[in-house]
**Student:** 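Have a look at this one.
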Amino acid sequence: MEFPTIPHSIQFCVLLMVLLLLKSDVVVYSNSDYLIGLGSYDITGPAADVNMMGYANAEQVASGVHLRLRSRAFIAAEPHGNRVVFVNLDACMASQLVTIKVLERLKARYGDLYTENNVAISGIHTHAGPGGYLQYVVYIVTSLGFVRQSFDALVDGIEKCIVQAHENLRPGSIFVNKGELLDAGVNRSPSAYLNNPAAERSKYKYNVDKEMTLLKFVDDQWGPVGSFNWFATHGTSMSRTNSLISGDNKGAAARFMEDWFERKDSVKMGSVGFGNDSIPRRISNIIPSLDYNHHELLELASSFQSPPGRTATRTSSIARRVRGALSQVDRPRFVSAFCQSNCGDVSPNVLGAFCIDTGLPCDFNHSTCGGENELCYGRGPGYPDEFESTRIIGERQFRKAVDLFNVASEQIKGKIDFRHTYIDFSKGEVTLSKGGASEVVKTCPAAMGFAFAAGTTDGPGAFDFRQGDDTGNAFWKLVRNLLKKPGKEQVECQQPKPILLDTGEMKLPYDWAPSILPIQILRVGQFVILSVPGEFTTMAGRRLRDAVKEVLSGNKDFGSNIHVVIAGLTNTYSQYVTTYEEYQIQRYEGASTLYGPHTLSAYIQEFKKLANALISGQTVEPGPQPPDLLNQQISLLTPVVMDGTPLGVNFGDVSSDVPKNAAFKKGDKVTVTFWSACPRNDLMTEGTFALVEFLQGKDTWVPAYDDDDFCLRFIWSRPSKLSTHSKATMEWRIPQDVTPGVYRIKHFGAAKSLLGSIRHFTGSSSAFVVA
């Protein structure tokens with residue numbers, strides 16, 4: 001049906017209301033001390049053939065998209081002074097090599113405005129993103145070495161989101177709020193936590209941190225333009241067998257909150273007709289349903305049968321059009337990031353860990369079942385559906401963030417500042433104070449213990465390894481010695497860890513593990529970010545935060561209400577950091593604390609130096625530079641040779657269509673399969689492989705959902721590893737708030753010829769009715 005013509009008088013009234021709303025925002029938020037800017041860009045990377053980073057499971061290879069990955073940045077700047085940049089990645093962790101190359105690009109573009117000192121790049125720790133982008137051997141073994149597409153997608157996306165944030169810099173204010181979220185994380189190594197002193201444990205109500213801390217960014221003209229929050233829970237709602245790219249629970253939470261704000265903002269700006277308040281907001285909610293009865297809808301749908309696949313030009317940012325359909329033309333897009341904190345021992349599988357053979361709880365001390373670690377798995381709240389667990393944990397974080405966002409009232413005030421240095425953790429000296437006396441201890445070259453190979457209840461390892469192993473076994477020591485036998489000094493330094501891989505002393509074909517690590521403090525008024533290049537356990541994070549806060553509290557410039565957050569997995573990656581007491585238990589986290597039992601003490605010592613330099617205004621030595629190993633990287637991943645289809649079939653043709661005269665209802669799953677080609681031929685950055693379209697009127701198809709939506713999955717497959725044939729299956733679980741009407745599913749792809757040329761194609765399903 002046609003939209004009615006709106007009288008000019010009503011148009012004028014609506015415009016006046018909009019102007020008044022904008023003016024009220026200026027009045028409320030005019031007391032700004034900073035320039036603020038936010039940006040966001042697609043970093044999804046290769047959705048096929050590449051091993052996923054996180055579980056170190058060689059069989060977990062990407063084959064489609066559940067949620068697209070994004071890089072999100074905020075810049076906070078004094079009008080004529082310092083500025084800081086914080087980047088949150090929908091990636092497993094930051095990478096030293098990625099950081100180096102991003103900073104090189106920023107220097108070429110902006111000079112010394114953005115450097116290693118004031119730029120922090122942090123990962124959310126999803127275990128469902130493409131790997132191969134780190135530079136040290138141990139982190140790229142399962143990805144068959146370095147993967148240039150993964151690396152380039154990250155470097156490009158980070159640079160672009162920072163450029164966006166820079167170009168969006170405008171006067172604005174920042175507010176902070178915090179509150180408890182009780183049901184989004186549990187301790188997966190409680191036996192290690194219990195080894196911390198009882199007096200220390202008694203200071204805390206829970207054995208994981210339950211507090212979320214949120215920053216709200218408010219533009220002087222436009223009002224709220226984004227939020228970043230820090231909360232500790234692992235990105236392991238998706239299991240080690242999942243093969244669809246996903247931001248896991250934090251990636252989902254970010255989508256939910258950005259959609260929520262678009263919906264909320266559109267209502268404020270006078271947009272029409274929404275359904276209920278369920279998430280996510282979709283464009284189809286604002287499209288009036290076709291004014292036909294059910295029979296007429298079926299007849300209309302039947303006139304749109306699946307056309308053959310066709311050659312197409314490169315898809316033009318379909319995902320951006322769908323997600324930004326309600327955004328104002330000149331208004332910055334709302335950016336929401338769910339950042340990682342001290343998540344080392346925190347699991348989102350909140351129902352606990354159980355044996356898959358008996359259904360009984362796993363052994364408390366070793367997380368085994370009948371002595372075997374492979375049978376012990378944590379269960380998420382949506383068990384046995386990992387996608388549902390991801391949605392639930394994501395939604396819980398999203399709803400807490402909304403609560404904090406809506407009532408954030410404490411304004412950030414004061415200086416912007418930063419300190420950064422590099423520390424060689426392979427040979428650090430740490431001064432410990434005990435009972436009035438002092439003792440100097442050392443950190444060690446990196447090494448991983450036997451319990452590392454046991455994995456965790458989020459993703460168990462293999463063979464006969466188990467958590468809590470402080471002795472090792474003779475067979476695996478023989479295997480270890482074939483690679484590198486640790487010397488006596490290293491064995492003693494790492495005690496009680498039995499060394500499985502002496503990674504810090506393995507140098508062929510190049511370094512297996514980092515030794516030089518960045519540490520960094522960013523300050524925005526009374527808000528302080530501690531950038532750490534690893535996964536701190538709950539108590540390790542508490543000790544670090546408290547130590548820094550104690551130093552800063554002695555300075556009147558900060559005031560009494562200092563907010564200190566830990567940004568985990570930032571700037572590079574060096575695995576875990578436990579307390580000294582947790583290290584003695586040698587569960588997975590202790591075995592993965594690379595630099596020995598005094599690693600945490602070294603961090604605390606060095607961060608206190610940075611904090612003292614911050615309050616005294618002194619500079620710090622930059623420290624030894626980490627290596628740039630880009631030119632030494634080895635890649636064994638086979639490139640795409642060519643794509644093909646069976647005789648008589650075109651790329652984009654439908655292989656399995658919706659049933660003829662199909663009608664579906666809310667909650668149903670619609671499945672369509674197309675003849676396709678390898679997704680590595682075109683990553684569809686800021687675009688989509690899958691699209692659900694809504695029929696508006698009688699002949700206009702409007703984008704409704706894409707592969708960045710929780711309800712739509714793009715699944716790619718080939719009949720065998722060497723086959724040139726492949727298919728793409730789209731699965732759309734119809735949301736509860738969908739608009740009834742006629743829909744179809746569309747596929748975008750790119751095929752490679754034997755000569756290397758790339759040809760884009762599209763395909764569409766037959767139309768069907770959602771009643």
**Student:** My understanding is that only one of T126, N249, D458 makes a side-chain hydrogen bond (donor to acceptor under 3.5 Å, both in side chains) with S237; could you say which?
**Tutor:** N249
**Student:** Heavy-atom count check: over 12 atoms from other residues, nucleotides or ligands less than 6.0 Å from E550 CD?
**Tutor:** no
**Student:** Would you name the heavy atoms of A567 and F86 that are closest together and state the gap between them?
**Tutor:** CB-CE1, 3.7 Å
**Student:** Of all heavy-atom pairs between H125 and C343, which one has the smallest distance, and what is that distance?
**Tutor:** CD2-SG, 4.5 Å
**Student:** Over all heavy atoms of both residues, which pair between L169 and G37 is shortest? Give the atoms and the distance, please.
**Tutor:** CD2-N, 3.6 Å
**Student:** Evaluate the ring pair (Phe, Tyr, Trp, His ring centres under 6.0 Å) criterion for residues F217 and W222: first the C-alpha distance (whole Å), next the side-chain angles of each, then the deciding distance (0.1 Å), finally the verdict.
**Tutor:** CA-CA 11 Å; F217 298 90; W222 294 110; over 10 Å; no
**Student:** So, the side chain of D248 versus the backbone of K250: is there a donor-acceptor pair under 3.5 Å, distance only?
**Tutor:** no
**Student:** Verify whether the ring centers belonging to W260 and F334 lie closer than 6.0 Å.
**Tutor:** no
**Student:** Which heavy atom of L38 sits nearest a heavy atom of S227, and at what distance?
**Tutor:** CD2-N, 4.5 Å
**Student:** For the aromatic rings, using the six-membered ring if either is Trp, is the centroid distance between F536 and Y603 under 6.0 Å?
**Tutor:** yes
**Student:** Working to the nearest 0.5 angstrom, can you tell me the gap between K609 NZ and I604 CD1?
**Tutor:** 13.5 Å
**Student:** Any Lys/Arg nitrogen of R188 or D345 sitting under 4.0 Å from an Asp/Glu carboxylate oxygen of the other?
**Tutor:** no
**Student:** What is the distance from atom CD of E200 to atom CG of D546, rounded to the nearest 0.5 Å?
**Tutor:** 8.5 Å
**Student:** If every non-hydrogen atom of H166 is compared with every non-hydrogen atom of I75, which pair is closest and at what distance?
**Tutor:** N-CD1, 3.4 Å
**Student:** With a 6.0 Å cut-off (strictly less than), is the heavy-atom count around NZ of K415, excluding the residue itself, greater than 12?
**Tutor:** no
**Student:** What closest approach, in Å, do I124 and Q340 show between heavy atoms, and which atom pair accounts for it?
**Tutor:** O-NE2, 2.9 Å
**Student:** Are F231 and F338, when compared by the centres of their aromatic rings, separated by less than 6.0 Å?
**Tutor:** no
